[in-house]
Visitor: 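Next up is a structure, given as structure tokens.
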Amino acid sequence: MTNNSSAVYVRHLRVVRGGRVVLPDLTCSVAAGQVTGLLGPSGGGKSTLIRAIVGVQRVCSGTVEVLGRPAGAAELRRRVGYVTQAPSVYGDLSVSENLRFFARVLGVSPGAAAGAIEHVDLTDHAGSLVGRLSSGQRSRVSLAVALLGSPDLLVLDEPTVGLDPVLRRDLWGLFHRLAAGGQTLLVSSHVMDEAHRCDRLLLLRNGELLAEGTPQALRERTQAADVESAFLAIVDGARQEAMS
Amino acid sequence: MTPRITGAVAGRVLAQLRRDHRTVGMLLAVPSLLLGLLWWMFDGSDSSAATFDRFGPPLLVVFPFIVMFLVTSVTTLRERASGTLERLLAMPMGKADLLLGYAIAFGAVGLAQSGLAVGLTVGLLDMDVRGPVWALMLVSVLNAVLGTALGLFVSAFAETEFQAVQFMPALVLPQLLLCGLFVPRDTLPDVLGAVSDVLPLSYAVDAMQQVQLSATWTADLTVDLAVIAGSALLALLFGAATLRRRTA
Ligand SMILES: Nc1ncnc2c1ncn2[C@@H]1O[C@H](COP(=O)(O)OP(=O)(O)O)[C@@H](O)[C@H]1O
Ligand SMILES: [Mg+2]
């Protein structure tokens with residue numbers, strides 16, 4: 001049941017890391033042009049799923065289709081922007097040197113580098129060494145790199161962790177502006193109260209997809225007051241099921 | 001391979017080095033200082049000129065080799081550990097772009113380094129060289145690239161910078177002992193002679209001796225240079241094999 005409106009389609013994905021089955025059999029999809037939240041407790045397999053979608057994870061079986069192509073295909077490398085969980089930028093270069101380097105690698109104009117810095121609100125720090133920035137600023141530099149070249153799909157692994165509430169709100173605002181412009185975003189977080197900021201949600205726990213749908217649908221399903229308690233209800237339900 | 005991307009990598013590596021004044025200072029000055037020390041050590045003895053002439057040229061290739069090996073293994077280890085390698089390999093970056101970018105950047109540093117060292121030994125300290133000075137430089141730069149390529153390769157097998165640095169004595173010191181500097185290679189015990197035949201540094205030292213003793217280009221020199229360049233290429237290929245787009 002491949003869906004035209006899905007930017008990512010994961011079918012029966014199985015991933016084993018270091019002898020542990022991290023994703024036993026995962027099937028899910030990411031809707032095009034929306035902000036999808038990948039939520040769940042730490043160790044649940046969010047980063048592993050993200051790595052499989054970007055095509056850097058060795059997988060055992062199953063298929064991952066991204067923008068109509070198998071994940072990791074060479075044509076996708078310029079159409080998918082990826083932010084790893086730890087900021088992957090050069091601490092001994094300035095913000096703009098980092099952005100200009102990655103812009104050259106991607107073959108986009110140096111003007112795009114300045115634009116990306118502006119998007120993450122770091123223009124005032126463009127000349128600062130990345131290693132001297134706060135950890136929140138560093139992760140925004142890493143995010144800026146992923147914005148270069150306006151990729152069709154942005155896959156962001158915990159981009160808002162460690163940021164203050166104002167910055168978090170601003171970044172979610174940016175994510176929705178990008179989605180309104182036609183880009184697809186998959187954003188992971190272990191902070192459940194970010195759920196209500198997403199158009200769609202995937203709840204991953206212990207490698208299992210516990211729930212998939214809009215925040216509203218999840219609230220209605222569990223009759224919870226907000227998405228956070230809906231998630232907790234679903235997690236508790238799954239736990240009781242596992243124990244009985 | 002894309003020249004734009006290769007150039008971006010080389011430029012970035014050099015920009016990172018420029019920021020690190022201490023490392024640049026060490027890279028450029030240490031080989032010259034050590035060669036100066038060597039010259040001074042033998043200054044008092046009767047055969048001083050002859051001894052300096054014997055040890056100077058081989059050391060002109062050994063120092064750049066060691067220094068480049070160390071700097072590259074640590075730099076690329078950082079690239080693997082920080083996640084920037086994973087990010088680059090998820091971009092339209094060829095493995096050859098990355099490897100050649102590094103080789104070009106450190107090759108350029110090697111050129112500056114050996115330029116200084118050759119200038120000092122031949123120009124100021126009167127090291128006796130019959131062949132062309134540019135051939136000395138060529139051998140020296142090829143060795144710097146070989147050191148870079150080996151450093152890239154071993155960085156895949158180290159998890160910490162401390163481990164990476166430990167590869168230096170393990171990989172470099174046996175080559176140094178067997179390269180003909182201490183005992184002429186043809187008088188080594190058979191087994192050691194055979195081992196020294198497959199170590200690239202033996203050919204580098206031999207090439208330096210060829211340049212030193214012969215005013216004209218020799219066939220042996222061509223062979224030596226081909227072996228060094230081939231070894232560097234082989235090490236780069238091994239290095240490429242350790243760059244995996246998909247990891248566990
Ligand atoms: N490189 C690795 N080798 C072995 N196991 C790993 C590796 N990375 C993660 N894991 C394991 O895989 C599981 C899922 O991890 P991860 O995908 O990082 O979860 P999350 O991002 O949701 O916190 C964890 O149990 C973790 O210990
Ligand atoms: Mg994670």
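The shown structure was predicted, so the numbers you read here are calculated from the model rather than taken from an experiment. Letters go in sequence order (proteins before strands), and every chain restarts at 1. These values consider heavy atoms only, across backbone and side chains, with no hydrogens, waters or symmetry-generated copies.
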Visitor: With a 4.5 angstrom heavy-atom cut-off, could you sort out which part of Arg100(A) is near chain B: side chain, backbone, both or neither?
Guide: neither
Visitor: Quick one: are Gln57(A) and Thr247(B) in side-chain contact, heavy atoms under 4.5 Å?
Guide: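 Side chain of Gln57(A) against side chain of Thr247(B), heavy atoms only: no contact under 4.5 Å found.
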Visitor: So with a 6.0 Å cut-off around CE of Met26(B), is the heavy-atom count from everything else above 12?
Guide: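 Open.
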Visitor: For Asp199(A), is the CG atom crowded, meaning more than 12 foreign heavy atoms sit under 6.0 Å from it?
Guide: yes
Visitor: Tell me, out of Met91(B), Met93(B), Arg244(B), who's got the most heavy-atom pairs with chain A below 4.5 Å.
Guide: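 Max contact count across the listed options: Met91(B).
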Visitor: Please flag which part of Val105(A) lies under 4.5 Å from any non-hydrogen atom of chain B: side chain, backbone, both or neither.
Guide: both
Visitor: Pick one of side chain, backbone, both or neither for Leu76(A), based on which atoms fall under 4.5 Å of a heavy atom in chain B.
Guide: neither
Visitor: As an exercise: rank Val15(A), Thr84(A), Leu106(A) by heavy-atom pairs under 4.5 Å with chain B and give me the winner.
Guide: Leu106(A)
Visitor: So which bits of residues 80-90 of chain B come within less than 4.5 Å of chain A, counting non-hydrogen atoms only?
Guide: Ser82(B), Gly83(B), Thr84(B), Glu86(B), Arg87(B), Leu88(B), Leu89(B), Ala90(B)
Visitor: Okay, side chain of Arg17(A), backbone of Ala248(B): is any donor-acceptor separation there less than 3.5 Å?
Guide: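 Side chain of Arg17(A) to backbone of Ala248(B): a pair is present.
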Visitor: Does His119(A), at its NE2 atom, have more than 12 non-hydrogen atoms belonging to other residues, nucleotides or ligands within less than 6.0 Å?
Guide: no
Visitor: Go through Arg245(B) and Arg77(A) one step at a time and tell me if the side-chain contact (heavy atoms from CB on, under 4.5 Å) criterion holds.
Guide: CA-CA 11 Å; Arg245(B) 286 192 202 270; Arg77(A) 283 187 204 133; 3.2 Å; yes
Visitor: Report the C-alpha distance between Leu93(A) and Gln16(B) in whole Å, list the side-chain angles of each, state the deciding distance to 0.1 Å, and finish with yes or no for side-chain contact (heavy atoms from CB on, under 4.5 Å).
Guide: CA-CA 6 Å; Leu93(A) 294 181; Gln16(B) 286 177 294; 3.6 Å; yes
Visitor: Looking at Arg19(B) and Glu97(A), does any basic side-chain N land under 4.0 Å from a carboxylate oxygen?
Guide: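 Looking at Arg19(B) and Glu97(A), the cut-off is met.
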Visitor: Hey, is the main chain of Arg104(A) close enough, under 3.5 Å, to the side chain of Arg4(B) for a donor-acceptor pair?
Guide: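 Checked: pair present.
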Visitor: Applying a criterion of heavy atom separation less than 4.5 Å, what residues of residues 137-159 of chain A form contacts with chain B?
Guide: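 Answer by number: Ser142(A), Val145(A), Ala146(A).
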